[in-house]
Amino acid sequence: MGELKLMKGNEALAEAMILAGADAYFGYPITPQSEVLEYLAEQKVFERTGMVVLQAESEVAAINMIYGAAGAGKRVVTTSSSPGYSLMQEGMSYITAAELPCVICNVVRGGPGLGTIQPSQADYFQATRGGGHGDYYTIVLAPSSVQEIVDFVKLGFELAEKYRNPVLILSDGAIGQMKEKVEFFEQMPRRTVFPDWATTGKIPGKPARVITTLNIESEKMEVLNLHLQEKYNTIREKESLYETYNMEDAEYVFTGFGLVGRICVKAMEMAREKGYKVGVIRPITLFPFPTKIYAEYAPKVKGILDVEMNAGQMVEDVRLSVNGATPVEFYGRMGGMIPAPDAILEHFEKYFITGGK
Amino acid sequence: MGELKLMKGNEALAEAMILAGADAYFGYPITPQSEVLEYLAEQKVFERTGMVVLQAESEVAAINMIYGAAGAGKRVVTTSSSPGYSLMQEGMSYITAAELPCVICNVVRGGPGLGTIQPSQADYFQATRGGGHGDYYTIVLAPSSVQEIVDFVKLGFELAEKYRNPVLILSDGAIGQMKEKVEFFEQMPRRTVFPDWATTGKIPGKPARVITTLNIESEKMEVLNLHLQEKYNTIREKESLYETYNMEDAEYVFTGFGLVGRICVKAMEMAREKGYKVGVIRPITLFPFPTKIYAEYAPKVKGILDVEMNAGQMVEDVRLSVNGATPVEFYGRMGGMIPAPDAILEHFEKYFITGGK
Amino acid sequence: MAKFKGQVVIDIENCKGCELCVATCPQETLSLSKTINKKGYRYAVVVNEDCNGCANCATMCPDYAITVYKKKFD
Amino acid sequence: MAKFKGQVVIDIENCKGCELCVATCPQETLSLSKTINKKGYRYAVVVNEDCNGCANCATMCPDYAITVYKKKFD
Amino acid sequence: MTQESIFAGFGGQGVLTAALIVAYAGMEEGKEVCWMPSYGPEMRGGTANAVCIVSDKKISSPIIASYDSVIALNQPSIDKFESKVKPGGHLFYDVANCISKPTRTDISIHAIPASEEVIKLNFIKGLNILMLGAFIKATNTVAIESIEKALKKVLPERYHDKIPLNMEAFYAGMKHV
Amino acid sequence: MTQESIFAGFGGQGVLTAALIVAYAGMEEGKEVCWMPSYGPEMRGGTANAVCIVSDKKISSPIIASYDSVIALNQPSIDKFESKVKPGGHLFYDVANCISKPTRTDISIHAIPASEEVIKLNFIKGLNILMLGAFIKATNTVAIESIEKALKKVLPERYHDKIPLNMEAFYAGMKHV
Amino acid sequence: MEDKLNICTPENLVYKKPGTLKIKQSHYCPGCGHGTVHKILMEVVEEMGIQGDIIGVCPVGCSVFAYDYLDVDMNEAAHGRALAVATGIRRVFPEKYVFTYQGDGDLAAIGTAETIHAANRGENIMTIFINNGIYGMTGGQMAPTTLLGMESTTSPYGRDVKTMGYPMEMANLLKDLKGVCYITRQSVHKPGNVRKLKKAIAKALEYQKQGLGFSLVEVVSNCPSNWKMTPLQANQFVEDKMIPYYPLGDIKTPEGK
Amino acid sequence: MEDKLNICTPENLVYKKPGTLKIKQSHYCPGCGHGTVHKILMEVVEEMGIQGDIIGVCPVGCSVFAYDYLDVDMNEAAHGRALAVATGIRRVFPEKYVFTYQGDGDLAAIGTAETIHAANRGENIMTIFINNGIYGMTGGQMAPTTLLGMESTTSPYGRDVKTMGYPMEMANLLKDLKGVCYITRQSVHKPGNVRKLKKAIAKALEYQKQGLGFSLVEVVSNCPSNWKMTPLQANQFVEDKMIPYYPLGDIKTPEGK
Ligand SMILES: Cc1ncc(C[n+]2csc(CCOP(=O)(O)OP(=O)(O)O)c2C)c(N)n1
Ligand SMILES: Cc1ncc(C[n+]2csc(CCOP(=O)(O)OP(=O)(O)O)c2C)c(N)n1
Ligand code: SF4
Ligand code: SF4
Ligand code: SF4
Ligand code: SF4
Ligand code: SF4
Ligand code: SF4
Ligand SMILES: [Mg+2]
Ligand SMILES: [Mg+2]
């Protein structure tokens with residue numbers, strides 16, 4: 001096992017890209033994720049692995065550089081934060097329609113608007129419902145620790161290339177800025193053979209490759225859509241990930257993703273100390289959402305408290321999953337505020353014990 | 001009552017803006033909505049009402065021109081179609097955070113990507129869940145006829161100004177292109193007094209006005225968010241609109257928005273001819289979604305068939321509304337295809353009568 | 001003194017009748033047909049034998065519907 | 001021959017000790033304090049009486065912390 | 001009574017206009033109308049069509065899978081829409097623009113020598129109006145006077161002198177039903 | 001054992017570094033650690049703080065509402081964090097930087113003449129390390145050797161000659177607990 | 001008749017469609033310059049023998065379908081983003097030839113930032129810029145390059161400088177950027193011009209081979225359909241109105257103009 | 001002592017903070033040029049007596065908080081969109097004065113298209129362009145204007161022309177656009193320059209009053225914090241390195257340069 005490092009989430013993210021054999025990074029500075037580009041620049045990655053790094057003129061340009069390099073069959077990645085990621089929505093729609101594998105990380109900050117640079121989870125809808133136009137989904141991974149950020153870069157490229165679909169790592173300002181112990185995987189080689197759909201230059205005797213998202217005839221466009229939907233269904237079946245804690249005897253469930261998932265565990269520990277049988281479900285993939293695990297436990301528990309750093313977004317997926325089988329309550333903080341474990345416990349008691357509200 | 005005109009949805013939309021006393025239109029050409037800007041240009045609107053019209057260099061510029069002019073207290077409007085509206089997502093987040101009234105129309109085409117220019121409803125998630133970053137909602141009106149397009153421009157400005165919130169008219173390529181009889185409202189005067197928050201130039205003795213979405217301290221940003229959420233709840237309570245047809249004795253419900261709502265009515269008529277007691281619920285506001293009417297009928301019916309020109313988006317709101325009280329099935333066409341009445345009937349029989357699936 | 005003789009072959013189904021070749025021909029060798037092709041366009045036809053093989057027509061053709069041959073006679 | 005006499009008033013709490021005024025003063029009238037203000041900055045102080053009221057210091061001050069007076073004596 | 005028709009042909013043959021004239025005529029008579037064109041990016045020589053619905057009652061769906069009448073001005077349109085005529089409905093086509101004849105027996109098929117007639121009238125552009133005449137004669141969707149009024153609305157001022165000529169083509173079309 | 005501490009002061013006083021040293025030292029000892037800084041846009045003279053958690057078991061939440069120890073290098077930090085010390089916990093503050101003293105009685109309060117000491121040592125920049133010394137002495141969160149190792153990791157090469165001086169400040173801090 | 005027939009033999013062939021074009025009838029309107037430029041570009045690719053070493057990018061615009069005609073690896077791009085997409089490809093494949101083929105709406109309106117920054121970075125890319133003074137694909141709206149007084153669907157009474165600004169001269173705008181090695185303006189309205197265009201494209205690719213940086217080959221083209229003219233009238237308009245405002249010739253060369 | 005005290009009287013006042021600035025200490029770092037430019041701009045507004053007739057737009061960047069200091073109606077703008085926002089205001093309020101206050105990252109990177117098109121349309125707007133060769137707000141990343149070899153957090157080994165392109169000279173890029181009436185480049189590193197800047201801003205607003213179109217007042221400024229220099233060192237760097245590359249003076253005037 002590799003040596004342990006103490007590293008910022010954003011720096012670990014950048015290091016993991018290099019180790020994953022990424023061919024290129026295109027990005028634009030924005031707090032709280034500028035350390036990614038800064039780390040890559042400082043590392044002289046071109047000398048390390050031949051990876052190219054470019055500070056684009058904007059997020060719109062960056063995501064389209066990703067489209068170009070991914071279309072050419074290379075392993076590419078970009079990062080941004082909320083306002084910047086909003087500017088990438090047209091590009092995301094194109095990348096998904098063209099089925100180009102790539103990894104994007106949104107280090108979410110508090111919106112809407114310019115808002116604050118403090119951590120938030122208010123981009124959940126945008127991440128899981130496709131903020132861009134058309135019927136598409138990006139695979140969404142929600143890390144809760146610096147270690148998971150590293151692991152999800154590797155997993156992200158694997159899923160992206162397996163399904164020819166972009167993978168979004170939904171981080172936040174806190175995970176991006178905090179330092180934790182982290183262990184890295186071995187340096188992976190950069191790709192030398194490219195997928196046959198990639199535009200690497202026409203191969204004599206074979207038809208020229210075309211990367212396009214245009215289908216003037218609706219009939220053809222519907223065929224593309226049916227294909228995409230089939231792919232999404234496969235992903236729903238095969239790739240959903242989650243973690244549970246103390247669910248065996250749980251009468252109540254705390255649930256939250258990313259950093260909040262961890263805070264829920266702490267709140268659960270506090271609740272158990274007070275004698276409440278609480279368990280935790282932490283979704284790891286937000287698309288596909290781990291619907292089954294909620295559906296499975298819903299009939300067995302007295303209620304679910306969903307906690308988020310937003311006004312209530314994932315809670316819709318939780319409700320869709322339990323489909324009325326158990327009450328689902330919500331507690332959230334907004335605009336960069338982080339729910340503390342004791343506040344979670346307090347709201348739990350309010351909703352489910354003293355039955356207030 | 002004014003004389004009846006036979007007009008294209010897009011042209012009627014443009015004419016309604018003029019009559020509603022809009023001060024400015026900023027937009028960028030894209031099929032299938034370019035007729036809007038073209039009609040305004042042809043009409044010499046500046047001579048008619050003093051309204052200014054500008055073809056922006058891009059959709060990103062257009063939405064920010066809207067931000068500027070709306071911030072200055074003027075009545076402004078823009079239109080686009082799917083890829084263009086995706087580029088406006090950062091701007092929408094800013095406009096909503098700054099609470100600027102304005103009307104936007106997305107004449108939806110089939111995505112994702114460049115896709116097709118044929119009609120679609122695949123931008124429902126983007127419209128109702130805020131395609132941009134942060135916790136925000138735009139009021140969404142879904143016209144099903146050329147007449148409603150006209151009515152909703154007027155209603156749109158009223159709601160936008162009442163709540164200081166952008167209003168999105170979610171049209172589609174078919175409604176935009178088709179001609180129907182339409183009756184217009186009287187020419188309304190352009191605003192001459194402006195809201196006191198508007199940056200019209202500092203008034204001596206009063207503090208200077210500031211339009212901003214920035215709140216470096218999370219505490220302040222959370223206050224803004226709480227205010228916005230409170231506003232959205234008021235809107236949910238007060239402004240939800242829908243239409244029902246033959247629900248009195250309905251055993252089954254067809255539901256769909258916009259053009260599809262009308263097609264559902266035709267399918268319902270065909271179903272009734274075959275002896276099935278079918279009713280129709282057509283949501284008019286997509287945000288706020290008319291949850292109550294579904295919740296009210298859910299226990300009384302044997303099932304709901306939700307029909308959309310997408311892979312299944314509004315169906316999530318229907319399911320959240322009925323919360324398991326009755327089965328909700330979905331039938332949709334994608335990529336610019338339009339579900340025909342007989343196909344709806346067929347799927348209804350498959351799901352609920354012959355009990356297939 | 002050497003004399004050049006040219007000849008053009010026109011792919012009439014790909015011709016869209018834009019007339020650019022007709023207008024550019026120094027020898028007035030080309031003209032548009034009375035009849036239309038499958039796509040409904042009148043198409044370019046050779047109307048005299050004075051073609052000198054200059055290839056102006058083919059150079060101008062946006063639908064690459066013209067092939068040109070040229071031979072020197074002396 | 002006329003002689004100008006100047007005087008500056010420094011808002012020490014708004015001063016950030018950037019020294020731009022100190023460096024630009026032709027009369028070396030300004031310098032930074034040993035002690036710090038509430039914000040923790042050393043601030044500009046007058047160290048001689050040669051001020052001629054040229055206002056260079058105030059012109060350069062990014063924190064508009066300097067007011068300048070000038071009087072003609074003859 | 002409701003008449004759901006579709007006019008189809010090459011871009012440039014004026015099928016959209018023909019359908020629009022019917023819509024205007026229907027409006028003249030206080031009927032409910034809906035006109036839905038096919039639309040596409042700027043490309044020449046493609047096929048175009050327009051659905052026109054005229055009805056006494058509110059029109060629910062402008063989207064329909066089968067038609068009371070199909071007016072086809074070229075072969076591709078015959079091929080595409082013959083099967084979509086409702087049983088008992090009408091199919092009108094221009095003889096000169098038809099290579100393989102429609103074959104259905106459960107609908108009334110009208111072979112109109114339209115091209116021939118307009119050449120006689122030396123009014124090539126009148127092809128769409130001539131077919132319109134046949135359609136109106138067979139279906140009585142709207143009155144002739146309404147058509148004449150509609151022409152005024154649809155044709156730009158500068159072509160109003162051509163209205164008599166258009167009506168001539170219209171009557172010529174009626175003759176053949 | 002778990003130690004949840006927060007180091008707070010003016011930007012430039014080195015509170016983030018002090019907390020980071022503890023985290024590195026904890027890692028040296030194979031403990032679980034988490035370091036969470038406050039962050040903001042490029043602005044000088046603001047206040048900064050960093051949470052440092054050192055524990056024998058997996059750290060669930062890096063977000064905590066109350067602390068075992070608060071190390072406050074200026075008055076605003078004392079004001080903000082005194083109330084957030086867990087009963088029985090520690091509050092360390094620099095006498096010179098304190099105008100109104102903390103008043104709680106259910107926690108052990110350590111008034112450290114840090115500024116005074118570093119002036120004696122003529123090592124103004126050592127303020128943070130000196131406070132660190134007091135904190136470690138009182139809580140034994142990590143061993144002194146680990147701190148020394150951590151310094152090597154945290155300080156850039158070019159400052160390694162300053163490590164002895166830093167340790168001096170560290171020991172000076174310990175003296176006052 | 002005799003000698004006419006037998007001169008149609010390979011050794012007498014002087015002009016034919018290049019083999020680097022796919023066999024498919026184009027969707028372009030009769031007389032549209034796009035077809036001519038496609039042909040010339042592919043002639044150069046064929047003659048340089050780089051069909052397997054070149055990657056193209058076509059953004060949306062009438063030429064978005066270029067991939068149906070150009071028999072080389074192609075990427076469609078979102079409106080205005082061709083040079084960002086091409087930069088992505090260029091950076092990961094430094095040894096390939098990369099070109100973009102963009103309209104004036106694309107390159108000079110929504111794509112302005114991408115255009116200027118790719119040029120300023122000196123991306124080793126050739127951009128073919130089809131200036132037809134209009135948005136063709138979407139039905140004839142005003143482009144940044146639309147001439148003053150020229151009618152379009154969004155300037156139906158002619159482009160008015162007071163509210164719509166001046167026709168943009170992109171070649172001029174880019175010429176002082178140090179990353180740019182070659183800028184030339186050509187046309188396809190006469191055989192001689194078509195031949196000059198071919199030389200220009202060959203030059204641009206030659207410079208790219210030498211790694212000299214960004215090159216822009218502007219083609220003053222036409223749009224008969226949206227100009228509401230016959231192809232011949234359109235080319236006359238190019239001669240009489242477009243070229244006087246957009247004069248032809250080299251604007252910047254590596255040798256220094 | 002005596003006479004010193006009694007000269008501090010209104011009639012002897014020669015310089016004081018303009019009344020058009022709010023009473024709030026700025027968040028800017030010590031010696032930052034933003035503060036000086038704010039002051040000069042407000043002096044002009046005060047002297048022209050247009051506090052009630054001017055509307056400002058500040059995009060995100062260190063000066064996003066300008067609305068905390070400038071006592072006039074202000075609109076914050078998204079990064080890069082200041083000139084789109086200002087165009088929106090300008091078009092609906094033709095009779096007001098409108099200005100934007102933008103950084104180099106904002107105006108020359110993400111906002112390139114908005115900048116060029118507002119200028120080309122000749123929007124009657126004054127843009128104050130703070131060129132400090134860096135992204136200040138976000139902690140010192142490379143800007144389009146960063147000098148070759150200059151270090152930033154994203155060019156830690158100095159800006160390398162091969163991969164990062166050349167420092168962009170926006171004033172030069174814009175000067176040939178016909179919609180532009182006035183372009184000047186000034187600085188605030190010496191009292192004389194600060195006084196020249198004031199004249200330039202006054203001129204620009206004067207031209208706007210006459211409706212002459214777009215004017216750009218570039219200010220070669222500093223960023224002590226991210227340049228990792230003292231304010232004095234930073235101003236020396238402006239003198240020694242920035243100005244040689246970005247020479248001061250008028251680049252375009254309505255009278256013709
Ligand atoms: C984001 C976005 N905005 C607008 C459009 C619509 N659109 C497609 S092509 C085009 C412009 C075409 O003009 P030009 O680039 O000059 O190419 P041409 O067709 O004239 O060759 C526009 C506005 C789009 N597809 N995407
Ligand atoms: C869409 C978007 N991208 C990126 C950012 C982050 N950001 C804020 S300001 C800024 C640039 C600041 O530099 P500059 O414009 O030169 O202003 P300065 O701070 O140097 O005065 C950036 C990249 C943002 N807020 N929004
Ligand atoms: S080759 Fe020359 S002469 Fe012969 S037809 Fe063509 S243009 Fe005319
Ligand atoms: S130039 Fe080509 S397309 Fe045009 S008429 Fe001649 S052959 Fe036909
Ligand atoms: S006014 Fe002039 S002389 Fe007086 S202190 Fe300021 S700079 Fe020095
Ligand atoms: S210039 Fe202003 S802020 Fe700087 S030291 Fe002098 S008075 Fe203080
Ligand atoms: S619309 Fe214009 S540019 Fe497009 S193909 Fe037709 S003629 Fe060419
Ligand atoms: S970071 Fe730079 S630009 Fe921003 S305030 Fe500080 S010195 Fe000024
Ligand atoms: Mg064009
Ligand atoms: Mg800057």
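In what follows, every chain begins at residue 1, and chains take the letters A, B, ... in the order their sequences are listed.
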Any donor-acceptor pair under 3.5 Å from A/T213 side chain to B/L114 backbone: yes
Donor-acceptor under 3.5 Å (B/T116 side chain, A/S218 main chain): no
Under 4.5 Å from any heavy atom of chain B - which part of A/E59: neither
Region of B/R333 in contact with chain A, defined by heavy-atom distances below 4.5 Å: both
Results of side chain to side chain contact (heavy atoms under 4.5 Å, CB included) for A/S120 - residues two or more places apart only: A/V108, A/A122
Which of B/P112, B/G335, B/G134, B/G111 touches chain A most, by non-hydrogen pairs under 4.5 Å: B/P112
Contact listing (chain A partner; residues 318-326 of chain B; heavy atom under 4.5 Å): B/R319, B/L320, B/N323, B/G324
Pick from B/G84, B/A97, B/G115 with the largest number of heavy-atom pairs that fall under 4.5 Å of chain A: B/G115
Those residues that, when tested against A/F125, pass ring pair (Phe, Tyr, Trp, His ring centres under 6.0 Å) (two or more places apart): none
Validation row: A/R129, B/Q126 side chains within 4.5 angstrom (heavy atoms): no
Residue B/L226 versus chain A: region with a heavy atom under 4.5 Å: both
For A/Y232, ring pair (Phe, Tyr, Trp, His ring centres under 6.0 Å) partners two or more places apart: A/Y137
Whether A/D135 side chain and B/Q121 backbone form a donor-acceptor pair below 3.5 Å: no
